[in-house]
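What follows is a set of notes on a single structure, which appears directly below.
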Amino acid sequence: MKSISAAFWKTAPIGILAISLAACGNASKETTAPAAAASKYPEKALTLVAPSGAGGGWDMTARTIAKVLTETKSVEKAITVENKPGGGGAVFMAEYATKDVKDNYKLFVSSPPILINNLKKEGNTPYGYKDTTPLAQLTKDYGAIAVAANSKYSDLKLLLNDMKADPSKLTVAGGSAPGSMDHLVSILPAFKFGIDPKKIKYLSYDGGGEAVTALLGGNADVLGTDASSLEQYVKAGKIKVLAVASPQRLGGTLKDVPTMKEQGVDTEFLIWRGIFGPKEMSADAKKFWDDTLKKMVETEQWKKEVSANNWQTDYKNSNDFKAYLAQQETQVKDILTAMGMQK
């Protein structure tokens, strides 16, 4: 049987058509059309929103983008990072897609939840990526399953065996709403192991940081989230990661953590992260970000931060990112339908 998650995250290469435009002029004419005025964007401070609490993947991504753009002087205006938690990004989207449709100075970061929240049955939102201007995909990360450092579980199979015997015995925490990304990260291995996902107890929190706090405080037994956000807690000896949902083992602090496939659970979960602007973003603002973000991912400062966070750069420009999201929208519908979570 073909892996549901593999089908979900497999994407076809996106072709890029380059079109060259040649300007023609008549040398015999004494007059020429006046040149278009150069864009002055940005002319004031910018806001970059992480639609979650502090400490999770969105928060880390937003702060890293702001830091690199400032350090490299790619953006000369101040960039403020704001946290807007609620509903795994749904609360922020409700405001952004209705009140900030022309605000070129407010951007935000997101990942698969912008698709999932729009398509799931429980707690869904009418707003999705089509209510934004996708600017760039920047990185890729992978899902991970973790427990507190003092947990009796030392590998994924032990955990899943107990969960299969009594799905209600264990509580799983995540930094996004039911049916959203952390929830899917948490239940995909269980689903592949033959456990009814509807019977798993899932507690949602506003961001990965709050979910980790719940795990460490004994309010949850298991955590499903993105691998990169767990590094600081692994280094501090507070948690242990049982498995990563990547095709191969990751590097850095998590280099010794086995993949789910290594432990007999045939699943992967790729988490892209990108940056978005308002739906009616002006053409000059969009061009500015297309050019600026392309240059940013090529800087040594960005490469250093990506390595430090155990991310992988996976850049797509605005047009390619938009096409990629359209493909994933169909795939999200398929996986939610398979799990009975589609609206």
Side-chain angles (χ1 to χ4, degrees), residues 13-14 16 18 38-52 54-83 104-112 114 132-142 208 226-232 235 246 250-255 270-278 281-325:
I14 299 172
I16 301 175
S39 172
K40 295 181 180 180
Y41 178 88
E43 298 183 84
K44 61 181 182 179
L46 297 126
T47 298
L48 182 55
V49 177
S52 65
W58 286 345
D59 180 64
M60 292 167 62
T61 302
R63 295 184 188 282
T64 299
I65 294 169
K67 177 182 178 183
V68 174
L69 289 175
T70 301
E71 286 182 350
T72 59
K73 297 183 180 179
S74 300
V75 176
E76 296 183 355
K77 302 299 181 181
I79 304 175
T80 301
V81 174
E82 289 187 2
N83 294 95
N104 290 330
Y105 291 85
K106 181 182 286 188
L107 314 179
F108 73 100
V109 298
S110 194
S111 53
I114 198 171
T132 74
T133 297
L135 296 175
Q137 178 182 319
L138 298 173
T139 66
K140 63 181 178 181
D141 194 358
Y142 293 93
D226 44 290
S228 64
S229 66
L230 298 176
E231 287 230 337
Q232 57 182 309
K235 289 178 181 178
S246 54
L250 304 177
T253 305
L254 306 181
K255 62 183 176 61
L270 186 149
I271 302 169
W272 56 261
R273 292 199 187 92
I275 183 168
F276 297 76
M281 176 172 261
S282 66
D284 62 330
K286 180 183 175 184
K287 184 179 186 308
F288 172 86
W289 287 112
D290 236 5
D291 294 343
T292 300
L293 293 168
K294 183 178 186 299
K295 292 175 183 176
M296 182 192 77
V297 299
E298 296 170 351
T299 65
E300 289 305 313
Q301 290 92 329
W302 175 256
K303 293 174 183 177
K304 180 180 177 181
E305 293 293 335
V306 166
S307 177
N309 285 301
N310 206 32
W311 298 335
Q312 298 178 49
T313 292
D314 193 11
Y315 171 76
K316 291 180 178 69
N317 67 19
S318 179
N319 290 336
D320 291 347
F321 187 29
K322 184 177 180 180
Y324 176 83
L325 290 169

Contacts of Glu76 that satisfy salt bridge (charged side-chain N to carboxylate O under 4.0 Å, His left out) - sequence neighbours left out:
none
Is there a side-chain contact (heavy atoms from CB on, under 4.5 Å) between Asp314 and Lys316 once you walk through the steps?
CA-CA 7 Å; Asp314 193 11; Lys316 291 180 178 69; 3.9 Å; yes
Which atom of Ala66 lies closest to which atom of Ile79, heavy atoms considered:
CB-CG2, 3.8 Å
What heavy-atom pair brings Ser229 and Gly57 nearest, and what distance separates the two atoms?
CB-N, 4.2 Å
Where do Val75 and Pro42 come nearest, in terms of heavy atoms and distance?
CG1-CG, 4.4 Å
Side-chain atoms of residues 292-299: list all donor-acceptor pairs with protein atoms under 3.5 Å, sequence neighbours left out, distances to 0.1 Å.
| residue | atom | partner | partner atom | Å |
| --- | --- | --- | --- | --- |
| Thr292 | OG1 | Phe288 | O | 2.7 |
| Lys294 | NZ | Glu298 | OE2 | 3.3 |
| Thr299 | OG1 | Met296 | O | 2.7 |
| Thr299 | OG1 | Trp302 | N | 3.2 |

Kindly write out the residues that satisfy salt bridge (charged side-chain N to carboxylate O under 4.0 Å, His left out) with Asp284, not counting sequence neighbours, or none if the list is empty.
none
Partners passing side chain to side chain contact (heavy atoms under 4.5 Å, CB included) against Ala285 (at least two apart in sequence or in another chain):
Tyr41, Asn104, Met281, Ser282
Step by step, would you call Leu138 with Thr313 a side-chain contact (heavy atoms from CB on, under 4.5 Å)?
CA-CA 6 Å; Leu138 298 173; Thr313 292; over 6 Å; no
Look at the side chain of Thr80 and the backbone N and O of Thr47, then say whether any donor-acceptor pair between them is shorter than 3.5 Å.
no
Got a sec, which residues hit side chain to side chain contact (heavy atoms under 4.5 Å, CB included) with Ser318, two or more places apart in sequence or on another chain?
Lys286, Asp290
Would Gln137 and Tyr315 satisfy side-chain contact (heavy atoms from CB on, under 4.5 Å), going step by step from the backbone distance to the final call?
CA-CA 5 Å; Gln137 178 182 319; Tyr315 171 76; over 6 Å; no
Residue list, salt bridge (charged side-chain N to carboxylate O under 4.0 Å, His left out) with Lys304, at least two apart or on another chain:
none
Nearest non-hydrogen partners of Pro112 and Ile271, listed with the distance
CD-CG2, 4.0 Å
Determine the minimum heavy-atom distance between Ala62 and Leu48, stating which atoms define it.
O-CD2, 3.4 Å
If you look only at pairs with a residue in residues 57-73, which of them pass as a salt bridge (Lys or Arg N to Asp or Glu O under 4.0 Å), with sequence neighbours excluded?
Asp59-Arg63, Lys67-Glu305
With Tyr142 via ring pair (Phe, Tyr, Trp, His ring centres under 6.0 Å) - residues at least two apart
none
Checking Asn309 against Glu231 for the side-chain hydrogen bond (donor to acceptor under 3.5 Å, both in side chains) test, could you report, in this order, the C-alpha distance in whole Å, the side-chain angles of both residues, the deciding distance, and whether it holds?
CA-CA 8 Å; Asn309 285 301; Glu231 287 230 337; over 6 Å; no
Any chance you could lay out the side-chain contact (heavy atoms from CB on, under 4.5 Å) test for Val49 and Leu107, step after step, and finish with the verdict?
CA-CA 6 Å; Val49 177; Leu107 314 179; over 6 Å; no
Can any side-chain N or O of Asn83 pair as donor or acceptor with the backbone N or O of Ser52 at less than 3.5 Å?
yes
On a heavy-atom basis, which atom in Leu270 and which in Lys140 lie closest, and how many Å separate them?
CD1-CD, 4.1 Å
I want to check something: taking the side chain as every heavy atom from C-beta on, are Tyr324 and Asn319 in contact at a cut-off of under 4.5 Å?
no
Does NZ in Lys322 sit with more than 12 non-hydrogen atoms of other residues, nucleotides or ligands closer than 6.0 Å?
no
Restricting to side chain to side chain contact (heavy atoms under 4.5 Å, CB included), what partner residues turn up for Glu43, sequence neighbours left out?
Lys40, Tyr105
Among residues at least two apart in sequence or on other chains, which ones pass salt bridge (charged side-chain N to carboxylate O under 4.0 Å, His left out) with Lys287?
Asp291
With ring-ring contact (aromatic ring centres under 6.0 Å, His included) as the criterion, how do Phe321 and Trp272 come out once you've worked through the C-alpha distance, each side chain's angles and the decisive distance to 0.1 Å?
CA-CA 11 Å; Phe321 187 29; Trp272 56 261; 5.3 Å; yes
Is there a side-chain contact between Thr64 and Thr139, using heavy atoms and a 4.5 Å cut-off?
no
Who passes side chain to side chain donor-acceptor pair (under 3.5 Å) against Thr70, sequence neighbours left out?
none
Which residues pass the side chain to side chain contact (heavy atoms under 4.5 Å, CB included) test with Ser228, sequence neighbours left out?
Asp141, Asp226, Arg273, Trp311
